[in-house]
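As the structure is a prediction and not an experimental result, all values here were calculated from the model. Basis for what follows: all heavy atoms, side chains included, without hydrogens, waters or symmetry-related copies.
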Amino acid sequence: MQYFPFLAGLLLMACGNPDGQRTAEISVSFSSGASDSALDGRLLLMLSSDPSGEPRFQIGTGLNTQLIFGMNVDGMAPGETRSFTGEEPGFPYADLTSVPPGEYRAQALLHVYETFNLSTGHTVKLPMDNGEGQQWNRSPGNLYSQPVTVQVTEDGISGLEIVMDQKIPPIPEPADTPWIKHIRIRSERLSEYWGRDMYLGAHVLLPKGFEEHPEARYPLMVFHGHFPSDFGGFRTEPPDPGLEPEYSERFDVEGYNIIQQQEAYDFYQRWTSPDFPRFLIIEIQHPTPYYDDSYAVNSASQGPYGDAITYELIPYIEEQFRGLGEGWARFLYGGSTGGWEALAVQVKYPEEYNGCFAACPDPIDFRAYCLTNIYEDQNAYWYDSEHKTLEVPAHRDYLGHIQSTVREQNHLEAVLGDKSRSGQQWDIWEATYSPQGADGYPERIWDKHTGEINREVVEYWRENYDLRHILERDWEKLGPSLRGKIHIYCGDMDNYYLNNAVYLMEDFLEQTTDPYYEGEVLYGDRAEHCWNGDPELPNHISRLRYNSMYVPKIMDRIAQSAPPGADLESWRYR
C-alpha cells in the first residue's frame with residue numbers, strides 16, 4: 001500500500017500467531033518522486049520510543065540510543081519492496097523479533113552507494129561524500145521516510161509498509177569572506193586510484209595585512225581533524241545580542257553557544273593584534289567513501305591521501321596564498337583523529353613539517369588500541385577468563401562510569417554497513433590500517449560479530465601504522481629528522497582510554513638517544529577527551545583555542561630550527 005505523511009498516526013497491530021513465534025515483517029520501498037533510478041546502498045529501518053525527534057537522529061551507542069536494523073540492497077528500483085523479516089542485524093536488539101512490545105515511531109532511510117573501479121583492479125560499492133562529511137543520516141541524495149507510529153505487540157509486528165518519499169537536499173557551499181577563503185582541487189593521485197575525479201579542499205584563514213603586504217610570505221599551520229564545513233572558531237563580531245543560551249550536556253555548561261561565539265571573537269582579536277605573528281592556517285576537507293576524513297596517510301583501501309595532501313594540496317595553497325613553501329615553516333596540530341593525523345603525518349613525512357602538536361590522539365601504540373592489546377589479546381570484546389564473562393569497555397566519563405562497550409560499538413557499525421562501510425570509528429581505523437582484501441574492501445582486524453582478532457592483519461597494522469613501533473623500529477633513521485618536533489597532550493581520564501597508548505609512547509620517547517627526542521608529553525589531571533595541553537583552563541575552553549595556543553611553541557621552534565637565510569622577517573609586520 002502507498003504510505004503518505006498524513007498517515008503518520010497509524011497504529012498497526014500484529015495478527016495473533018498460533019505457534020507462539022513472534023512475527024516480524026516491515027516492507028520498505030521508495031517512490032519515483034524521490035528517485036527515478038535503481039539504487040544500491042544500505043537500507044536502514046529505525047524504531048524509536050522517544051517522540052522528541054526523528055529516529056534517524058536518535059541512533060548511537062550511548063544509553064539513550066534507539067533501535068536500528070540494516071540490510072544491503074543492489075539495484076533497488078522505484079516502487080520495489082524490500083522486507084525486514086527478523087533476519088537482518090539490529091542494534092541494540094539483535095533482530096526485529098526481539099523488539100519489546102510498545103508504541104514506536106518507525107522510519108526508513110537508504111544510504112546510497114556508488115560504484116568505484118579502483119586502480120587495484122577491484123570494483124567496490126561505497127557511499128560518496130556529498131559535502132556533509134560522511135553522515136549517513138544527513139548525506140545529500142539519501143532517501144528517507146517521514147516517521148510513522150506503529151504498535152509492536154506480544155506477537156511482534158507485521159503488515160507495515162513504509163515508502164521513502166523524501167530526499168536529503170544538497171548542502172550550499174560556504175562563501176568566501178575577506179578573511180576566509182575556500183579552495184578545492186582535483187587530485188591526480190586520488191583520481192587515478194579511485195577511477196573517477198576526486199577532490200581535496202581546504203578553508204584558509206588569511207593573516208592580517210595579507211593584501212597590504214604583497215612582499216610577505218607566510219608559515220603554514222595545518223589544523224587536522226574531522227570534516228570541517230567551514231573554518232571554525234573565527235568571527236569578526238561579538239556574540240549575537242539576544243542569543244538564547246544553550247546547555248552543553250557534554251561539558252555540563254550553560255550557555256556554551258555564547259561561550260563559543262565569544263571565544264571565536266576573542267581569537268579574531270588576538271589574530272589581528274599588533275604582536276601576533278602572521279601565519280596561514282588551513283583546515284582540510286578530505287572525506288573518503290569510508291569516513292569524514294582520510295586520516296591523512298596513504299592506505300591500501302583509501303588510496304594515497306597522505307601524498308595527495310602533502311605534495312598536491314599544500315603546495316597549491318602555499319602558491320596561491322604566498323606560503324613560504326618549505327618544511328621548516330609548516331606545523332601540524334589537532335585533537336583526537338586530528339591528533340593522530342598530526343603525529344602520523346609528522347612521522348611519515350619527517351622533513352616536510354617542522355613540528356606536531358598532537359592532542360588526545362587516537363591510539364598511537366596498538367598495545368593499547370583503546371583497551372585492547374591487538375598483539376596479545378585473542379578477543380577484542382571479552383576479557384580472557386575461564387569462568388567469568390566481562391566485556392571490554394569503550395567509553396567512560398571522568399569518574400570511570402561506563403556508557404558503552406567495544407562489542408556494542410562494533411555491532412552498531414555492523415548494522416550501519418558491512419565491509420567497513422559504516423562510516424564510524426572502528427571501521428575507519430580498519431579502512432585506514434588494514435590491507436586490501438580479495439574483494440577490494442579492507443580486511444577485518446577482528447570478526448565483527450565475535451571479536452576474534454585476525455593475527456595476519458595485526459602484523460600489517462604493526463609494520464605500517466603503529467606509530468610507536470615505527471618510531472622505535474626506525475629511530476636511527478627518523479630520530480635526527482624528528483628531534484624537537486613531537487609534542488603530545490592527553491587527559492589521564494580520556495573517555496576512550498587513549499591516554500594508555502600515550503603512556504607507552506612516552507616510555508619509548510623518554511629512552512631515546514642519538515638523538516633524544518627533545519619534545520614533550522603532558523597529561524591533564526582527571527581531564528577527559530579532548531584535553532590539549534592547557535593546565536590552567538577547563539577543557540571546554542581550551543578546546544576552542546587550538547589556533548592560538550601552540551603559537552608560542554611554534555615560534556620557539558622556528559627560532560631554534562630555521563635554516564640559514566630563512567625568511568624570518570617579511571611575515572612579522574605589525
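When each of Tyr369, Tyr433, Tyr295 is tested with Tyr465 by the rule ring pair (Phe, Tyr, Trp, His ring centres under 6.0 Å), just one qualifies, namely Tyr433. Between Trp571 and the choices Tyr218, Phe279, Phe276, the ring pair (Phe, Tyr, Trp, His ring centres under 6.0 Å) rule is met once, by Phe279. None of His529, Gln403, Gln409 except one satisfies the side-chain hydrogen bond (donor to acceptor under 3.5 Å, both in side chains) rule with His395; the exception is Gln403. Exactly one of Asn137, Val415, Leu412, Leu67 qualifies for a side-chain contact (heavy atoms from CB on, under 4.5 Å) with Ile59. That residue is Leu412.
In this structure, Gln302 and Ile428 have side chains that are in contact, with non-hydrogen atoms separated by less than 4.5 Å. With contacts defined as side-chain heavy-atom distances shorter than 4.5 Å, the pair Asp362/Ile364 does not qualify. By the 4.5 Å heavy-atom criterion applied to side chains, His487 and Cys356 are not counted as neighbours. Side-chain contact between Leu220 and Ile281 is absent, with no heavy-atom pair separated by less than 4.5 Å. With a 4.5 Å cut-off on side-chain heavy atoms, Ile282 and Phe231 do not count as touching. Contact check for Pro393 versus Tyr497: side-chain heavy atoms found under the 4.5 Å cut-off. Between Trp426 and Val406 there is a side-chain heavy-atom pair separated by less than 4.5 Å. With a 4.5 Å cut-off on side-chain heavy atoms, Ile309 and Ile314 count as touching.
In this structure, CH2 in Trp340 is found 14.5 Å from SG in Cys360, a value given to the nearest 0.5 Å. To the nearest 0.5 angstrom, Arg572 atom CZ is 8.5 Å from Ile558 atom CD1. One finds the CG atom of Leu109 at 8.0 Å from the NE2 atom of His111 (value rounded to the nearest 0.5 Å). Ile180 contributes atom CD1, which lies 9.0 Å from atom CG of Leu206 (distance to the nearest 0.5 angstrom). In this structure, CG in Asn354 is found 9.5 Å from CD in Gln560, a value given to the nearest 0.5 Å. Rounding to the nearest 0.5 angstrom, the gap separating the OG1 atom in Thr337 from the NE2 atom in His226 is 3.5 Å.
Salt-bridge formation is detected for the pair Asp240/Arg235: a Lys NZ or Arg NE/NH1/NH2 atom is positioned less than 4.0 Å from an Asp or Glu carboxylate oxygen. Between Asp275 and Arg574 a salt bridge is recorded (basic side-chain N to carboxylate O distance below 4.0 Å). Of the charged side-chain nitrogens involved, at least one lies within less than 4.0 Å of a carboxylate oxygen, so that Glu318 and Arg330 count as a salt-bridged pair.
Gln346 places a side-chain N or O within 3.5 Å of a backbone atom of Tyr353 that can act as its donor or acceptor partner. Under the 3.5 Å distance criterion, the side-chain polar atoms of Gln107 are matched with a main-chain donor or acceptor of Ser145. Using modelled atom types, no side-chain atom of Gln135 and backbone atom of Arg138 make a donor-acceptor pair closer than 3.5 Å. Counting only distance, with no hydrogens or angles, the side chain of Asp365 and the backbone of Met505 share no donor-acceptor pair below 3.5 Å. Judged by distance alone, the side chain of Glu413 and the main-chain N or O of Asp427 form a donor-acceptor pair under 3.5 Å. Side chain of Gln262 to backbone of Gln260: no donor-acceptor contact under 3.5 angstrom is found. Not a single donor-acceptor pair under 3.5 Å links the side chain of Lys485 to the backbone N or O of Gly355. Between the side chain of Asp50 and the main chain of Gln66, no donor-acceptor pair closer than 3.5 Å is present. No side-chain donor-acceptor contact under 3.5 Å links His224 to the backbone of Tyr333. Counting only distance, with no hydrogens or angles, the side chain of Arg278 and the backbone of Ser570 share no donor-acceptor pair below 3.5 Å.
In the model, Tyr265 has a side-chain atom that pairs as donor or acceptor with a side-chain atom of Gln269 under 3.5 Å. A donor-acceptor contact closer than 3.5 angstrom links the side chains of Glu430 and Ser420. Side-chain polar atoms of Asn499 and Asp492 form no donor-acceptor pair below 3.5 angstrom. Using a 3.5 Å distance cut-off with no hydrogens or angles, the side chains of Arg270 and Ser548 do pair a donor with an acceptor. For the residue pair Tyr291/Asp129, the side-chain donor-acceptor check at 3.5 Å is not satisfied.
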Worksheet item: Can you list the steps and then say if Asp252 with Tyr247 is a side-chain hydrogen bond (donor to acceptor under 3.5 Å, both in side chains)?
Response: CA-CA 7 Å; Asp252 189 25; Tyr247 172 72; 2.6 Å; yes

Worksheet entry | salt bridge (Lys or Arg N to Asp or Glu O under 4.0 Å) between Glu528 and Arg396, intermediate numbers included | CA-CA 9 Å; Glu528 295 183 295; Arg396 64 178 174 182; over 6 Å; no

Worksheet item: Could you walk me through whether Tyr523 and Tyr489 pass the ring-ring contact (aromatic ring centres under 6.0 Å, His included) check?
Response: CA-CA 6 Å; Tyr523 303 96; Tyr489 313 98; 9.7 Å; no

Fill in: Stepwise side-chain hydrogen bond (donor to acceptor under 3.5 Å, both in side chains) check, Ser187 with Glu312
CA-CA 7 Å; Ser187 165; Glu312 293 182 75; 3.0 Å; yes

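Arg186 CZ: more than 12 foreign heavy atoms inside a 6.0 Å radius. Remark: Glu173 CD is loosely packed, at most 12 non-hydrogen atoms of other residues, nucleotides or ligands lying under 6.0 Å away. Annotation for Lys208: atom NZ counts as buried by contact number, over 12 foreign heavy atoms lying within 6.0 Å. Dense packing is recorded around CG of Asp197, with more than 12 heavy atoms of other residues, nucleotides or ligands lying under 6.0 Å away. In the displayed structure, Glu244 atom CD is contacted under 6.0 Å by at most 12 heavy atoms of other residues, nucleotides or ligands. The environment of CZ in Arg483 is sparse: at most 12 heavy-atom neighbours from other residues, nucleotides or ligands sit within 6.0 Å. Within a 6.0 Å radius of CD in Glu215, more than 12 heavy atoms belonging to other residues, nucleotides or ligands are found.
Applying the ring pair (Phe, Tyr, Trp, His ring centres under 6.0 Å) test to Tyr573 and every residue at least two apart in sequence or in another chain returns His213. Checked against side-chain contact (heavy atoms from CB on, under 4.5 Å), Ser229 has no partners two or more places apart in sequence or in another chain.
Taking the six-membered ring for Trp, Tyr305 and Tyr193 have ring centres at least 6.0 Å apart. A centroid separation of less than 6.0 Å is found between the aromatic rings of Phe251 and Tyr256. Two rings, from Phe357 and Phe331, have their centers 6.0 Å or more apart.
Using the six-membered ring where Trp is involved, Phe210 and Phe321 have ring planes that are tilted, between 30° and 60° apart. Note: Trp194 and Tyr290 have tilted aromatic rings, judged against thresholds of 30 and 60 degrees for the angle between ring planes.
With Phe267 as the aromatic partner, Arg545 does not meet the cation-pi criteria of under 6.0 angstrom to the ring centre and within 45 degrees of the ring axis.
Across every non-hydrogen atom of Asp397 and Leu399, the tightest pair is OD1-N, 2.9 Å.
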